[in-house]
Amino acid sequence: MDWAHELTTRVSGPQVVNDSKTPSGTVHVGSLRGPVILDTIVRALRADGIETTLLYGVDDFDPMDAQALLTPDAVERYMGVPLAHVPDQAGDGHASYARHHAQVFIDTFAGLGIHPDRYYWMSEIYPTGAMDGYIRTALDRAAQVREIYRRVANVQHPDAWHPISVICERCGKVGTTIVTDWDGERAFYECRPDLVAWANGCGMSGWVTPFAGRAKLPWNLEWAAQWSLFGVTIEPCGKDLATAGGSRDRADAIAREVFEREPPLKVPYEFVNIGGRKMSTSKGHGAPAHQIVEVVPPEQLRLLFLRPRPNHAIDFDPDGTDAIPRLFDEFDRLAAATAGHEVKGELPAGFESIFSYSLRDAAADVEAEAVAFRPPFAHLALLSQVPGVDVAALVEAEKGSPLDDRERAIFEQRLAAVTGWLEAYAPERARISVAEEGLPPEAAALDDDQRAFLVALLPAADQTAGASNGEGWQEAIFRAAEARGLPAGRAFQALYVAFLGRQNGPRAGWLLASLDRAFVARRLAEAAATIDR
RNA sequence: GGGCCCGUAGCUCAAUGGCAGAGCAGCUGACUCUUAAUCAGCGGGUUGAAGGUUCAAGUCCUUCCGGGCUCACCA
């Protein structure tokens with residue numbers, strides 16, 4: 001967490017933190033690292049008393065370029081059109097395609113406790129004329145812009161190329177137009193059928209005044225213009241943009257040389273890998289991104305993203321591993337430490353900050369959150385697998401007092417996470433299943449004392465006089481073990497082996513209480529009778 | 001080809017240039033009511049390799065090996 005506070009020592013005066021995103025498709029979990037870093041920086045700045053504004057841009061004036069997300073009949077008409085001018089394909093009431101997809105990530109951010117002071121929409125900014133000064137400067141200095149592209153990015157545009165994309169007056173596309181002349185007030189553009197492979201221009205050409213929303217700066221220039229327009233002082237960016245000669249380098253050079261303003265402090269960050277590989281929903285790495293959000297609540301997801309330094313790639317492999325339970329455990333450990341409890345092992349520097357920045361609510365009472373009761377994930381996973389058990393009651397029993405409202409919310413969130421984890425990610429060893437078909441082969445290894453114990457337990461399975469609930473069974477188990485002089489641990493082990501085929505399991509009393517009584521009696525007798533070796 | 005990151009215990013990761021450490025897993029033991037919990041203890045390393053700087057290198061420099069991501073049209 002030191003990384004965020006280190007950052008605060010490198011700046012002075014009020015800060016404007018900015019990021020932006022093109023609302024062209026769905027949000028995947030890896031793309032949430034940037035926003036979490038952004039939000040963490042803002043919280044750290046404010047914690048150090050630095051006046052900070054968080055801006056988030058919606059680049060909805062960018063051309064539509066994702067064919068797969070358009071209905072087939074809309075492809076020819078809308079590919080290349082500004083996202084804000086494409087109708088909502090989902091037909092669920094949004095004003096445009098851009099509004100629909102932007103809403104998805106705005107909602108996702110809110111779910112993670114990320115609340116920019118202002119979302120700005122480029123489709124609204126351009127028509128106000130706010131960008132006109134930058135458009136004019138860029139066109140006046142077109143030769144300089146071309147030189148920067150060549151020098152910084154090794155991109156050679158034709159001499160007639162100008163850094164502006166006009167929105168075609170006839171077909172409305174912005175991705176297909178090229179400006180080849182500029183007379184100081186008007187730009188000459190052509191809407192070419194073959195300018196880009198993914199969209200077809202209509203062939204229109206003509207002179208147009210490229211202001212007030214009739215044209216759009218290319219991304220690198222638009223980025224630099226945003227910095228000047230909003231006075232941005234800090235802006236993180238992913239490694240795809242941060243690479244040498246990449247988008248950020250070009251925008252930096254344009255900011256300095258064309259718009260004559262020092263670019264904001266750059267915070268490059270690495271991506272998130274699944275099992276050491278690029279995140280993929282189709283390559284069998286087993287971690288469809290949207291599923292992770294269902295299983296990892298906001299606080300744990302924030303922790304995952306903000307704990308490592310931004311320039312470290314995160315390797316997160318939830319599939320068949322205990323990565324998710326450990327994430328919860330680490331969160332709980334940080335909570336305990338923040339609450340002032342003794343915890344095992346070393347604590348990272350600034351662990352209180354890591355904990356408080358992981359909380360969804362930036363204004364949360366950190367102390368109250370830290371002391372709130374949180375049932376351990378793995379334990380909950382076991383309890384939840386025993387049919388007929390009142391998990392909430394057991395959790396309250398563990399706590400020793402009723403859960404308050406906040407604790408109940410945490411519990412329910414965790415129970416949902418546990419359920420999702422068991423369904424989608426949990427390793428086999430975490431799953432409990434009763435061997436209903438027959439006695440597990442492992443029962444052959446039971447010794448005489450254990451068999452005697454099982455016999456002694458038989459009366460508890462009696463239809464009328466037997467144990468009636470989990471607690472009754474639990475008591476019967478201890479009594480039977482004591483009567484045979486068997487240590488409780490070995491008694492429980494005998495039961496787990498007989499019913500689950502494994503050395504351990506969830507609370508045995510409740511497990512047995514959940515099963516059919518005749519079945520329990522039969523199984524106890526079978527296991528007790530097994531011939532040893 | 002350019003750039004970035006990584007390589008330290010079985011796994012995930014720490015270590016202002018100053019005695020290589022945690023968590024989890026593992027092993028051993030304790031436990032008459034949370035039994036995958038809890039408590040106590042143990043083992044585990046040529047820090048990818050080679051050179052260099054230094055009183056001192058996991059850390060800084062050079063080269064190499066390996067892994068990964070990313071850019072190279074647009075955004």
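First the proteins, then the strands, lettered A, B, ... as listed; each starts at 1.
Distance check on atom P: A49(B) versus A72(B) gives 36 Å, rounded to whole Å. Across the C1' atoms, G44(B) and G23(B) are found 15 Å apart, a figure rounded to whole Å. Comparing the P positions of G48(B) and G67(B) gives an interatomic distance of 16 Å, to the nearest angstrom. With both ends at atom C1', the span from G10(B) to G26(B) equals 8 Å, rounded to whole Å. With both ends at atom C1', the span from C24(B) to U70(B) equals 32 Å, rounded to whole Å. Across the P atoms, U47(B) and A20(B) are found 10 Å apart, a figure rounded to whole Å. Between C11(B) and G51(B), the distance separating the two C1' atoms is 32 Å to the nearest Å. Spacing between U28(B) and C71(B) at atom P, rounded to whole Å, works out to 50 Å.
RNA chain B is contacted by both A508(A) and E330(A); E330(A) maps to the nucleotide lying nearer its 5′ end (nearest heavy atom per residue). Nucleotides of RNA chain B nearest to P308(A) and Y496(A) differ in position, and the one nearer the 5' end is that of P308(A).
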Dot-bracket line, read 5' to 3' along RNA chain B, where crossing pairs take [ ] and | marks a partner on another strand, Watson-Crick or G-U under 3.5 Å: (((((((..((((....[..)))).(((((.......))))).....(((((..]....))))))))))))....
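A salt bridge does not link E299(A) to R302(A): none of the charged side-chain nitrogens sits closer than 4.0 Å to a carboxylate oxygen.
Aromatic ring centres of F109(A) and F105(A) lie closer together than 6.0 Å.
At whole-Å resolution of the value, CG in L334(A) and P in A22(B) are 18 Å apart. With rounding to whole Å, R333(A) atom CZ is found 14 Å from U38(B) atom P. For the pair K239(A) NZ and C4(B) P, the interatomic distance rounds to 10 Å; values are reported in whole Å. Regarding D329(A), its CG atom lies at a distance of 10 Å from the P atom of A37(B), rounded to whole Å. Computed from coordinates, the F316(A) CZ to C13(B) P distance equals 11 Å when rounded to whole Å. When the P atom of U34(B) is taken as reference, atom CG of L380(A) falls 17 Å away, rounded to whole Å. Rounded to whole Å, atom C1' of C4(B) lies 14 Å from atom OH of Y269(A). To the nearest angstrom, P of U32(B) lies 14 Å from CZ of F453(A).
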Identify all side-chain donor-acceptor contacts of residues 153-165 of chain A below 3.5 Å with residues at least two apart in sequence or on another chain.
residue	atom	partner	partner atom	Å
H162(A)	ND1	A160(A)	O	2.7

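When only modelled atom types and interatomic distance are considered, Y120(A) and D59(A) share no side-chain donor-acceptor pair under 3.5 Å. Residues N311(A) and E270(A) have side chains that never bring a donor and an acceptor to within less than 3.5 angstrom of each other.
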Listed pairs, N/O of protein and of nucleotides 10-12 of chain B, under 3.5 Å:
residue	atom	partner	partner atom	Å
U12(B)	O4'	R326(A)	NH2	3.2

Protein N or O to nucleotides 6-8 of chain B N or O, pairs below 3.5 Å:
residue	atom	partner	partner atom	Å
C6(B)	OP1	H312(A)	NE2	3.1

Interface polar pairs with nucleotides 73-75 of chain B, N/O, under 3.5 angstrom:
residue	atom	partner	partner atom	Å
C74(B)	OP2	R250(A)	NH1	3.4
A75(B)	OP1	W219(A)	N	2.7
A75(B)	O3'	D62(A)	OD2	3.0
A75(B)	O2'	T22(A)	OG1	3.2

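Y496(A) is linked by a ring-ring contact (aromatic ring centres under 6.0 Å, His included) to nothing, counting only residues two or more places apart in sequence or in another chain. Not counting sequence neighbours, the partners of E407(A) by the side-chain hydrogen bond (donor to acceptor under 3.5 Å, both in side chains) test are K399(A). Every ring-ring contact (aromatic ring centres under 6.0 Å, His included) that F61(A) has, sequence neighbours left out, goes to H85(A), Y126(A). Listed by chain and residue number, nothing satisfies the ring-ring contact (aromatic ring centres under 6.0 Å, His included) test with Y189(A) (two or more places apart in sequence, or in another chain). For S228(A), the side-chain hydrogen bond (donor to acceptor under 3.5 Å, both in side chains) test picks out no residue, with sequence neighbours left out. Under the salt bridge (charged side-chain N to carboxylate O under 4.0 Å, His left out) criterion, D65(A) pairs with no residue, sequence neighbours left out. Residues meeting the ring-ring contact (aromatic ring centres under 6.0 Å, His included) test with Y97(A), sequence neighbours left out: H101(A).
Remark: the backbone N or O of A498(A) is paired with a side-chain donor or acceptor of R523(A) at under 3.5 angstrom.
In this structure, CZ on F259(A) lies 10.5 Å from CD on Q226(A), to the nearest 0.5 angstrom.
Stacking of R99(A) on the aromatic ring of W121(A) is recorded, both the 6.0 Å distance cut-off and the 45° axial limit being met.
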